[in-house]
Amino acid sequence: MSCDDFQDGPNKYKISGRKYGKNEIRIFYVNKDGPCHIIKELLINTRLTLETNKEYISDDNTGIIDTKSQRNSVYILAKKHGIKTTEDFGTLVCSYYLSTYSHVKTASLYIEEENWERLSYDDETKGKLHNHAFMLTPKYVRTTVIVFNRGDEFPTISNGIKNLRIIKTTQNSFKNFSQNEHRSIADAEERTLCLLLTFSWTYKQNPQIDFCKTFNSILHVVLYNFAGDLEKGTMLTSVQNTIFMAAKKILDKVEEIEFVEVVCKNFHYDLFDFEIFKIPNEVNDVFYPQENPSEVHIRLDRK
Ligand SMILES: O=c1[nH]c(=O)c2[nH]c(=O)[nH]c2[nH]1
């Protein structure tokens, strides 16, 4: 019987999940080694699971590492060691919690990274990048999850792309779906496809890779899978098939990845009905974007 199984009179219970931590620790780090500054802005959620559960089932708080202490460790470790990569820094923070507090069973972090790009001018200096000025280009959020269990040699690391919104105006069909008595929409040979994509991929333990380079090559896979060749494009027949193909191509491309998860919101762009106004509509060029997207999910594992 584990410490999470317990009995109160005739009633038996099991705590099947417990963790706690600080949310949205915002940290901005500037590497000032030389005139060309390198920056990182991270939003971090910490989570600790303790070996015992006495703080849940009794008034004994002696094991609780308060969430402000958890937050302070993030800033102090950044000051002492800097932040080179998000994955290394996240691993350092988790290792710190595990090595400092012998009663921490699992330390994990969820990290979002702001997409600051080095500033450049659209003039004769085009192509040259500024040493210490940046602009926020929030096309998507880069995510990292680190889970470090006591006793494991390495943490499990996941990366992801959150809230990438893309739209394609042709070469999207949706047809031959279930004929049922409640069906209200017709087959579409053509439609406008607008997706809000969140990908995450989890590495095998201790992958020997450049996480940043891998992120960029996965972003390329995701975009090319959606859009295809710049001029010729590519045909998409459903959201389900589109995200399956993207996940498969990621596993094909990066051997070190164990599984990929995709959550895809599909914003329907409906055609405005001009028929009632007797306005001819030879070209489908006016749409009304719907607010409430549908959602398609897949997780693809290696076997
Ligand atoms: O690609 C799609 N998959 C669906 O499951 C679905 N449902 C829907 O209304 N439109 C779409 N499109």
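Computed from a predicted model, the values in this text were never measured in an experiment. Every heavy atom of this structure was used, including side-chain atoms; hydrogens, water molecules and symmetry mates were not. Order of listing sets the numbers, starting from 1, for every ligand and every atom in it.
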| message | Testing the 3.5 Å rule here: is there a donor-acceptor pair between the side chains of E112 and N45? | response | no
| field | Interatomic distance, N172 atom CG to T192 atom OG1 [nearest 0.5 angstrom] | value | 7.0 Å
| query | Closest non-hydrogen protein atom to atom 4 (C) of ligand 1, residue and atom name please, with distance? | reply | F174 CZ, 3.5 Å
| query | Side-chain donor-acceptor pair under 3.5 Å between R71 and N23, yes or no? | reply | no
| task | Taking only heavy atoms of S238 into account, list the atoms of ligand 1 that are under 4.0 Å away from them. | result | 1 (O)
| remark: Any heavy atom of N266 under 4.0 Å from ligand 1? The part involved is side chain
| field | Closest protein heavy atom (residue, atom, distance) for atom 9 (O) of ligand 1 | value | H268 CE1, 3.3 Å
| note | Here the gap from F259 atom CZ to R302 atom CZ, rounded to the nearest 0.5 Å, amounts to 12.0 Å
| task | Check ligand 1 against I185 and write out every atom of the ligand that is under 4.0 Å from a heavy-atom position of the residue. | result | 9 (O)
| message | How far is atom 1 (O) of ligand 1 from the closest protein heavy atom, and which atom is that? | response | V239 N, 2.7 Å
| What is the nearest protein non-hydrogen atom to atom 3 (N) of ligand 1, stated with its residue, atom name and distance? | Q240 OE1, 2.8 Å
| message | Give me the residue, atom name and distance of the protein heavy atom closest to atom 12 (N) of ligand 1. | response | R191 NH1, 3.0 Å
| field | Partner of L164 under side-chain contact (heavy atoms from CB on, under 4.5 Å), chosen from L196, L195, L223, V141 | value | L223
| said: What verdict does the side chain to side chain contact (heavy atoms under 4.5 Å, CB included) test give for I161 and T198, after you've listed the backbone C-alpha separation in whole Å, the side-chain angles of each residue and the deciding distance to 0.1 Å? | reply: CA-CA 6 Å; I161 303 165; T198 295; over 6 Å; no
